[in-house]
Amino acid sequence: MNEKLKLENQLCFPLYLAAKEVIRRYTPLLSPYGMTYTQYIAMMAMWEHRCLSVGELGRMLSLDSGTITPMIKKMEHNGWVRRVRSEEDERKVMVELTDAGNKLHDEMCDVPERMGACLTIDSKEAMELYRLLYLLLGSFNDDK
């Protein structure tokens, strides 16, 4: 057996498991709101910016149009956002936070703390992990 191909020697495997576990832990925190994890991160972007183009939101979350468009439609159906044509460029669709979406911000303020309570690492270790993950993301070569 080639050591390079052992599962235990792969960085990708614990990253995969950790991402899967994080999303699993978010599920019971978000389900009372009828929200998925992807919708939650989209709402965080909307709470921060209030109005974004579909393209800007997609780039911010690293989602392609085939993923982001149905998600925005569902969020609009739930009353959290609305889609409108840009006044400057009618080709551009903007996503705006609604009053109901803004109200969710106040209702969900405890979600990060409740999620943090699921972790056994301290805040210093969490910040180091955050730093290392962004270092890893920034290290990928764009040559495909």
Side-chain angles (χ1 to χ4, degrees), residues 1-84 86 88-89 92-144:
M1 172 74 193
N2 186 326
E3 289 293 310
K4 292 178 187 175
L5 295 177
K6 280 189 168 182
L7 193 56
E8 67 190 37
N9 293 336
Q10 305 306 307
L11 176 61
C12 61
F13 188 60
L15 284 170
Y16 163 76
L17 292 177
K20 195 172 143 183
E21 185 63 19
V22 165
I23 292 170
R24 187 184 76 79
R25 296 293 181 119
Y26 267 107
T27 299
L29 303 177
L30 302 177
S31 64
Y33 303 97
M35 190 177 288
T36 66
Y37 177 75
T38 309
Q39 291 169 341
Y40 176 63
I41 61 174
M43 288 303 294
M44 285 193 286
M46 294 307 301
W47 292 326
E48 185 176 346
H49 298 281
R50 313 212 46 85
C51 183
L52 292 164
S53 72
V54 171
E56 289 169 328
L57 185 58
R59 281 187 294 283
M60 196 175 288
L61 303 178
S62 293
L63 297 173
D64 60 38
S65 62
T67 302
I68 196 150
T69 300
M71 182 191 69
I72 291 170
K73 285 182 181 179
K74 179 70 174 166
M75 291 168 61
E76 187 174 38
H77 176 77
N78 289 336
W80 305 331
V81 298
R82 74 177 136 263
R83 289 176 295 162
V84 294
S86 168
E88 293 84 37
D89 183 351
K92 190 183 283 188
V93 177
M94 304 300 293
V95 182
E96 295 179 344
L97 190 64
T98 64
D99 290 341
N102 195 48
K103 186 176 179 232
L104 274 178
H105 177 269
D106 297 334
E107 293 175 21
M108 298 182 78
C109 278
D110 67 335
V111 169
E113 287 175 17
R114 291 174 62 201
M115 184 60 196
C118 296
L119 302 174
T120 58
I121 62 175
D122 64 33
S123 61
K124 186 177 176 183
E125 291 167 324
M127 289 306 298
E128 179 64 4
L129 177 59
Y130 177 91
R131 185 188 73 74
L132 289 171
L133 288 170
Y134 273 101
L135 182 65
L136 175 67
L137 288 169
S139 73
F140 285 104
N141 184 332
D142 283 343
D143 296 339
K144 294 181 175 132

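Along the sequence shown, the residues carry numbers beginning at 1.
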Sorted by chain and number, sequence neighbours left out, side-chain hydrogen bond (donor to acceptor under 3.5 Å, both in side chains) with Asn102 holds for Arg50
Side chain to side chain contact (heavy atoms under 4.5 Å, CB included) test vs Tyr33 passes for just one of Glu107, Gln39, Met43, namely Glu107
| Hey, is CG on Asp64 packed in by over 12 heavy atoms from elsewhere, all under 6.0 Å? | yes
By salt bridge (Lys or Arg N to Asp or Glu O under 4.0 Å), Glu21 pairs with (sequence neighbours left out) Arg24, Arg25
Correct closest heavy-atom pair for Met71 and Ala42 would be CE-CB, 3.6 Å
The complete set of ring-ring contact (aromatic ring centres under 6.0 Å, His included) pairs with one or both residues in residues 102-124, sequence neighbours excluded, reads Trp47-His105
Nearest heavy-atom approach of Pro70 to Ser65 is CD-O, 4.0 Å
The side-chain contact (heavy atoms from CB on, under 4.5 Å) partners of Phe13 (sequence neighbours excluded) come to Leu7, Gln10, Tyr16, Leu17
When rounded to the nearest 0.5 Å, the distance separating SG of Cys51 from CZ of Arg82 is 9.5 Å
Evaluation steps, side chain to side chain contact (heavy atoms under 4.5 Å, CB included), between Leu57 and Ile72: CA-CA 10 Å; Leu57 185 58; Ile72 291 170; 4.1 Å; yes
Tightest non-hydrogen contact, residues Leu97 and Met46, listed as N-CE, 3.7 Å
Heavy-atom nearest pair, Ser139 first then Leu136, reads OG-O, 2.7 Å
* **Verdict with reasoning, Tyr40 to Leu29, per side chain to side chain contact (heavy atoms under 4.5 Å, CB included)** => CA-CA 10 Å; Tyr40 176 63; Leu29 303 177; over 6 Å; no
Side chain to side chain contact (heavy atoms under 4.5 Å, CB included), that's the test. Do Val95 and Val54 meet it? Break it down for me.
CA-CA 6 Å; Val95 182; Val54 171; 3.8 Å; yes
- prompt: Going through the distances and angles, do Leu30 and Met108 end up as a side chain to side chain contact (heavy atoms under 4.5 Å, CB included)?
  reply: CA-CA 9 Å; Leu30 302 177; Met108 298 182 78; 3.5 Å; yes
Hits for side-chain hydrogen bond (donor to acceptor under 3.5 Å, both in side chains) against Lys6, two or more places apart or cross-chain, chain-then-number order -> Glu3
- request: Using a strict cut-off of less than 4.0 Å between a Lys/Arg side-chain nitrogen and an Asp/Glu carboxylate oxygen, indicate whether Arg59 and Glu56 qualify as a salt bridge.
  value: no
Contacts satisfying ring-ring contact (aromatic ring centres under 6.0 Å, His included) that involve residues 51-78 (not counting sequence neighbours) are none
Of all heavy-atom pairs linking Asp122 and Lys124, the shortest is OD1-N, 3.0 Å
Residues Val22 and Met115: closest non-hydrogen pair is O-CE, 3.7 Å
Expected output: side-chain Asn78 to main-chain Trp80 donor-acceptor under 3.5 Å:
no
